[in-house]
Amino acid sequence: MERKTIYLCLAHMSEEGWEQKYIKEAFDTNWVVPLGPNVNAFEKDLEAFVGQDKKVVALSAGTAAVHLALIGCGVGPGDEVCVQSFTFCASSHPIKYLGATPVFIDSEKDSWNMDPELLEQAILDRKAKTGKYPKAIVPVALYGMPYDCTRIMEIGNKYGIPVIEDAAEGFGSCFKGQVLGTFGKYGVLSFNGNKMITTSGGGALICQDEEQKNKIMWYATQAREAYPYYQHEEIGYNYRMSNICAGIGRGQMSIVNDHIAHHKHVQARYAELLKDVQGIHLHCAPNADYDANYWLCAITIDPEVRIQGQENAYKETVKSAVGGAAGVIHEVDCPTTDCQPNDNVEALRVFLLAKKIEARPVWKPMHKQPVYADSPAYVNGVSEAVFQKGMCLPAGPMVTDEDIEYIVESIKEAII
Ligand SMILES: *Cc1c(COP(=O)(O)O)cnc(C)c1O
């Protein structure tokens, strides 16, 4: 039998087909619009899940949630926002949408997330250089690993700067027993196709109270004033979640705990099977305070490890879509950049792909991205070093124990 490709993280629906039932209900009741009973019920489900008496607004994307959270913090042209550099671009791009400037903060060695010491240095240095404090702080739960919530919240409170938690990858992760996204002024969630749960595309913003929620909802629905006709006194956005997508989300909430348990199980299997593999290190929680959902499992590969085909790494430009769903290929002329994963990482990616295993480099830090060349960055070398050595392995509910054994055997086979 031919082996099927093992993808990095695939969506998975409930056995009972709840997702389709809720969608059908939406059609049957003619709620095929970006609001409605599924949206309201999904928000209630999310509020029950995150706890802490928080309110949740369902939105069209996690990126939209970041954007509205920044607006909620009053970020505008000329402002600065401290954001984790080691992240997916959706954490920082919305800062640019607003004409503000991201100030990139490097990571701690153990969690790979925002280094509180560098954060405080950056805040003081920005104040000294610009006369103003940054308007917000955006830590990111990279691959579901919590950031140091205690220290980041302390620093935010000390300087009166609101924290926007980007928990898009960390849905259900906890720090000292509290769900991520409930510590800061806002918490960002994503339900894109490859996240912990999916609504096909979608996101949500965790708010502190009903008043905050109403404000975000107002911005998400074109900022309409209460008149019988359209009256606009501020610029709004069309960011509300569709009632169809929310139907999927409601169904997914019936299995979210199973998904999280499965991701943790996959991580534990990798830990067991990789423990004797020389030069390969699995990224694990620093201590028991960090309860990661292990959305993706990540390894680092020592530079000394030699991989089959390494001499051919980066000889050709990429011809197929990178990042699966993205689809659109912006072709490049040169297969290399001035900051890229080591040859052995690229060789392992290619080796695994030939074995029908999708592995991917860890995210390239934003302070190394050409588009952010002009943004200030406070760095310690951690994220760049992890980028050179790191790789994400398949995780998620569709990855079986047999798959994990096959993946680890393939990694062993690749090593010379
Ligand atoms: C996925 C993701 C988001 C939000 O992305 P959407 O695709 O717009 O839902 C934000 N931040 C991080 C770190 C992410 O991984």
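We count ligands from 1, going down the list as the structure has it; atoms in each ligand are counted the same way.
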Can you pull out the closest protein heavy atom to [atom]? Residue, atom name and distance to 0.1 Å, please.
{"atom": "atom 1 (C) of ligand 1", "result": "K195 NZ, 1.5 Å"}
{"atom": "atom 15 (O) of ligand 1", "result": "E169 OE2, 2.5 Å"}
{"atom": "atom 9 (O) of ligand 1", "result": "S190 OG, 2.6 Å"}
{"atom": "atom 8 (O) of ligand 1", "result": "T63 OG1, 2.5 Å"}
{"atom": "atom 7 (O) of ligand 1", "result": "N192 ND2, 2.7 Å"}
{"atom": "atom 12 (C) of ligand 1", "result": "D166 OD2, 3.5 Å"}

Stepwise side chain to side chain donor-acceptor pair (under 3.5 Å) check, T336 with Q340 = CA-CA 7 Å; T336 58; Q340 63 187 21; 4.6 Å; no

Which of the ligand 1 atoms, numbered from 1, are nearer than 4.0 Å to a heavy atom of [X]:
{"X": "S91", "value": "11 (N), 13 (C)"}
{"X": "V140", "value": "13 (C)"}
{"X": "G202", "value": "9 (O)"}
{"X": "G62", "value": "4 (C), 6 (P), 8 (O), 9 (O)"}
{"X": "T87", "value": "13 (C)"}
{"X": "A168", "value": "2 (C), 3 (C), 10 (C), 11 (N), 12 (C), 14 (C)"}

query = How close do H259 and I197 get, heavy atom to heavy atom, and via which atoms?
reply =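 The answer is ND1-CG2, 4.2 Å.
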
key: Heavy-atom closest pair, residues G62 and V188   =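 Heavy-atom minimum between the residues: O-CG1, 3.7 Å.
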
request  = Establish, from distance only, whether the side-chain atoms of D125 and Y378 form a donor-acceptor pair under 3.5 Å.
outcome  =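 A pair is found: one side chain offers a donor N or O, the other an acceptor, under 3.5 Å apart.
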
task = For a side-chain hydrogen bond (donor to acceptor under 3.5 Å, both in side chains) with Y372, tell me which candidate from H93, H367, K96 qualifies.
result =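 Checked H93, H367, K96 against Y372; only one passes side-chain hydrogen bond (donor to acceptor under 3.5 Å, both in side chains): H93.
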
Result of checking N113, D106, D115 against S383 for side-chain hydrogen bond (donor to acceptor under 3.5 Å, both in side chains) =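 The passing option is D106.
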
query = Within the side chain of H281, is there an N or O that forms a donor-acceptor pair under 3.5 Å with the backbone of T300?
reply =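 Checking the backbone N and O of T300 against the side chain of H281, no donor-acceptor pair under 3.5 Å is found.
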
request  = Determine yes or no for a side-chain-to-main-chain donor-acceptor pair under 3.5 angstrom, with N342 supplying the side chain and Q388 the backbone.
outcome  =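 Yes, N342 side chain to Q388 backbone: donor-acceptor pair under 3.5 Å.
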
inquiry  = If the contact criterion is a heavy-atom separation under 4.0 Å, does V66 count as touching ligand 1?
reply    =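 Per 4.0 Å heavy-atom rule, V66 does not contact ligand 1.
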
inquiry  = Can you tell me how the ring of Y230 sits relative to the ring of H232, calling it parallel under 30°, perpendicular over 60° and tilted otherwise?
reply    =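 Geometry flag for H232 against Y230: parallel rings.
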
